[in-house]
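Written out below as structure tokens is the structure these notes cover.
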Amino acid sequence: MQDANNIEMTSIRQTVTELERTWHAIRYGSEYGNLIRMVQLIEVFTKRLQAAGLEHAAKLVQNLSHKLAPAAAGQEHLGPEFLMHIAKDLEALRSSIEEPADGVILLSDQDARHQILVLEQSYDIVNQLSREMGLFGYRLRSVVDGDGLIAALLDYPANAIIMDLDAPGSAEALTRLLVQVRDSAGRLLPVLGVSHNDDFQTRLNAVRAGVASYLIPPVDPHDLVMELDLLTHRREPDRLHVLLVEPSVARANNYCGILEDGGLEVTAVSQPEKALTALQEFSPDVILMAMYLDECTGAELARIIRQFPIHTSIPIVFLGPRTAMDQQLDAIGVGGDDFLSGPTHASYLVRFVRIRAERGRKLRSLMLTDNLTGLLNHTCTKEQLGKELARAIRRQTPLAFAMVDLDDFKAVNDTYGHPAGDRVIKTLARLFKQRLRRSDYVGRYGGEEFAVIMPESTAEDGKRTLDEIRIAFGRISQIALNGTFQASFSAGVAAFPEIDDSTDLMYWADQALYKAKQTGRNRIVIYEVGASKRKS
């Protein structure tokens with residue numbers, strides 16, 4: 001019985017594909033014969049959907065029938081707006097009959113992280129892009145010409161446009177179209193252009209027209225995702241964070257007021273030992289430190305801070321009265337980066353601290369991230385787990401930790417080459433970045449192994465999140481010079497409060513990962529409750 005249902009659903013999907021192809025032909029101008037054919041298909045299709053229990057899909061098809069009947073009778077003009085609405089209805093029909101596998105929730109326009117308009121005349125290209133890019137959180141809507149693009153902008157909140165640059169024709173036509181796009185959208189939308197022409201003049205024309213990125217066909221959906229990530233994922237950066245170590249309450253209040261008015265976030269401590277706790281808690285971008293503290297000197301505290309490898313990249317700026325140059329150099333020589341003598345004008349102080357903080361953040365990012373993926377590196381991942389676990393214990397909130405490993409990765413490298421293996425690693429890293437919350441952390445633990453830290457999440461929460469990513473990742477077509485293939489990963493999850501030590505969290509997550517591998521791979525396993533009591 002199950003096989004019969006699967007056969008019927010496959011047939012239904014094929015009919016939807018035939019409807020989509022027929023509508024694609026209509027949009028090219030071959031109207032009458034294809035309109036009659038489409039109406040005939042719909043009449044039979046409605047009954048099949050009702051018999052299969054797909055009532056919502058049947059209603060969508062009935063709605064299509066009502067819209068198309070006047071056009072088939074010659075009473076309705078197939079203008080850009082009409083074409084767009086029918087395409088939207090077909091997209092809704094496709095979504096209604098695509099059953100999510102293994103609990104995966106398909107993205108609606110409202111759920112999609114970013115909505116993209118595609119000017120492309122090939123249905124097959126659009127269909128492939130839509131399926132591949134949908135796994136990365138992008139929802140695509142296609143149009144076949146400039147008029148359709150302008151009409152779609154009226155009710156589709158696009159975040160970017162993918163455009164066949166050869167479609168408008170001349171450079172002047174492309175420029176005019178993009179001016180219309182800006183006027184219709186009411187804002188500057190990033191445009192990713194695709195063209196068969198790779199000469200300098202065509203690229204120059206595209207730049208002058210306002211095209212932000214330029215690709216040559218055949219276009220890999222993964223390359224499009226990477227470019228769109230750069231163009232659309234422009235989150236507001238976190239405010240630069242300053243740690244102020246100043247024993248004088250009056251001076252601390254003065255510095256805090258000036259820096260916070262300048263848009264900086266400031267954490268002030270008066271006692272040297274509290275500076276170490278603040279460093280663990282807040283990871284500041286720069287440290288402002290008085291030369292003379294109550295229990296030690298600023299130089300001595302700087303030496304202590306530099307004993308922790310994770311803090312070596314944070315700039316330390318000493319604050320103090322005007323002193324001899326030799327004293328300033330001595331202070332810098334023991335671990336400081338600069339010396340700021342007072343009194344200092346407020347605007348100068350803010351600009352000085354901001355420049356130091358921005359440079360410190362960039363340097364820290366380079367030191368703490370993996371070159372291939374941009375994820376946290378091994379050392380930083382372990383440090384971050386310790387921080388998040390300490391915070392969870394202090395606040396008594398849950399924390400999930402997972403070890404993730406690509407399945408049969410050696411076989412991928414052996415069969416398709418190391419460049420393809422690197423591409424698989426980068427694809428999974430990109431999927432993690434897009435599907436995890438901003439409050440989560442993911443690091444490349446080593447080779448094909450990753451670690452994921454999910455604050456305020458139980459083990460079940462972590463498993464659910466990773467399962468959605470796992471299923472999406474398995475649907476992605478990995479592209480190599482000698483063919484395409486699918487990849488998968490397994491993961492093990494451990495959590496606080498069941499485990500309250502970071503080393504134990506890593507150990508038991510790794511043991512759960514081992515079990516996932518031993519029981520078939522391509523799955524997520526939670527560590528066994530009570531297993532930690534049996535650890536020798």
Margin query: The test is side chain to side chain contact (heavy atoms under 4.5 Å, CB included); show your working for Lys382 and Met506 and say whether it passes.
Written below: CA-CA 9 Å; Lys382 293 176 69 174; Met506 289 186 286; 4.0 Å; yes

Checklist line | Test salt bridge (charged side-chain N to carboxylate O under 4.0 Å, His left out) applied to Glu460 and Lys463, step by step | finding: CA-CA 5 Å; Glu460 288 293 342; Lys463 181 180 186 300; 5.8 Å; no

Next item on the list: Decide yes or no on side chain to side chain contact (heavy atoms under 4.5 Å, CB included) for Glu120 and Leu129, but give the supporting numbers first.
Entry: CA-CA 11 Å; Glu120 169 58 59; Leu129 291 179; over 6 Å; no

Check: Met133 and Ile162: side chain to side chain contact (heavy atoms under 4.5 Å, CB included), yes or no, with the steps?
Finding: CA-CA 12 Å; Met133 296 176 65; Ile162 300 172; 4.2 Å; yes

Margin query: Checking Phe489 against Ile524 for the side chain to side chain contact (heavy atoms under 4.5 Å, CB included) test, could you report, in this order, the C-alpha distance in whole Å, the side-chain angles of both residues, the deciding distance, and whether it holds?
Written below: CA-CA 9 Å; Phe489 69 79; Ile524 315 298; 3.9 Å; yes

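Between Trp508 and Ile526 the shortest side-chain heavy-atom distance does not fall below 4.5 Å. Under the 4.5 Å side-chain criterion, counting only non-hydrogen atoms from C-beta, Asp510 is in contact with Leu513. For the pair Ile305 and Met289, the minimum side-chain heavy-atom distance is below 4.5 Å. The shortest distance between side-chain heavy atoms of Ser477 and Gln486 falls below 4.5 Å. With a 4.5 Å cut-off on side-chain heavy atoms, Ile499 and Tyr507 do not count as touching. Considering only heavy atoms from C-beta on, Leu264 stays 4.5 Å or farther from Arg239 through its side chain. Within the 4.5 Å cutoff, the side chain of Val225 has no heavy atoms near those of the Thr427 side chain. Side-chain contact between Thr381 and Tyr441 is absent, with no heavy-atom pair separated by less than 4.5 Å.
Looking only at distances, a side-chain donor or acceptor of Asp285 sits under 3.5 Å from a matching main-chain atom of His241. Remark: side-chain polar atoms of Asp467 are not paired, donor with acceptor, to backbone N or O of Arg464 under 3.5 angstrom. The backbone N or O of Arg354 lies less than 3.5 Å from no partner atom in the side chain of Arg356, so there is not a single donor-acceptor pair. No donor-acceptor pair under 3.5 Å is formed between the side chain of Thr202 and the backbone N or O of Asp198. Distance alone, capped at 3.5 Å, places no donor-acceptor pair between the Asp408 side chain and the Ala411 backbone. Panel note: side chain Asn482, backbone Thr415; a donor-acceptor pair is recorded below 3.5 Å. Of the possible polar contacts, one joining the Arg470 side chain to the Asn522 backbone as a donor-acceptor pair under 3.5 Å is found. Counting only distance, with no hydrogens or angles, the side chain of Glu300 and the backbone of Thr297 share a donor-acceptor pair below 3.5 Å. The closest donor-acceptor contact from the side chain of Arg444 to the backbone of Ala429 lies at 3.5 Å or more, if one exists at all. No side-chain donor-acceptor contact under 3.5 Å links His311 to the backbone of Arg306.
The distance from the CE atom of Met163 to the CD1 atom of Ile116 is 12.5 Å, given to the nearest 0.5 Å. Taking CG of Leu428 as the start and OG1 of Thr373 as the end, the distance is 9.5 Å to the nearest 0.5 Å. A distance of 11.0 Å separates CG of Asp261 from CG of Leu349, quoted to the nearest 0.5 Å. Note: Thr379 OG1 to Gln384 CD = 13.0 Å, rounded to the nearest 0.5 Å. Note that the CG atom of Leu466 and the CZ atom of Arg523 stand 15.0 Å from one another [nearest 0.5 Å]. Going from atom CG of Asn159 over to atom CG of Leu189 covers 8.0 Å, rounded to the nearest 0.5 Å.
For the side chain to side chain contact (heavy atoms under 4.5 Å, CB included) test, residues two or more places apart in sequence or in another chain that qualify with Glu295 are Gln271, Pro272, Glu273. Among residues two or more places apart in sequence or in another chain, the ring pair (Phe, Tyr, Trp, His ring centres under 6.0 Å) test is passed with Phe432 by Phe450.
Using modelled atom types and a 3.5 Å distance limit, the side chains of Tyr138 and Asp229 yield a donor-acceptor pair.
A pairwise comparison of heavy atoms in Glu227 and Leu192 identifies CB-CD1, 3.4 Å as the closest pair. The heavy-atom pair separating Ala302 from Phe318 by the smallest distance is CB-CZ, 3.9 Å. Across all non-hydrogen atoms, the minimal contact from Tyr292 to Pro247 is O-CG, 3.6 Å. Between Gln115 and Pro157 the shortest heavy-atom distance is NE2-CG, 3.1 Å. Nearest heavy-atom pair across Arg437 and Pro455 is NH2-O, 2.6 Å. Residues Phe401 and Leu505 approach most closely at CD2-O, 3.8 Å, considering heavy atoms.
For Arg359, the CZ atom is loosely surrounded, since the number of other residues' heavy atoms within 6.0 Å does not exceed 12. Other residues, nucleotides and ligands place more than 12 heavy atoms under 6.0 Å from the NZ atom of Lys517. Within 6.0 Å of CG in Leu481 there are 12 or fewer heavy atoms belonging to other residues, nucleotides or ligands. Heavy-atom contacts from other residues, nucleotides or ligands closer than 6.0 Å to CD of Gln478 number more than 12. Within a 6.0 Å radius of CZ in Arg208, other residues, nucleotides and ligands contribute 12 heavy atoms or fewer.
Taking a cutoff of 4.0 Å between a charged side-chain nitrogen and a carboxylate oxygen, Asp422 and Lys426 do not qualify as a salt bridge.
A parallel orientation is assigned to the rings of Phe485 and Tyr416, their planes being inclined by less than 30° (bins at 30° and 60°).
Screening Leu279, Thr277, Leu276, Val245 against Val269 for a side chain to side chain contact (heavy atoms under 4.5 Å, CB included) leaves a single residue, Val245.
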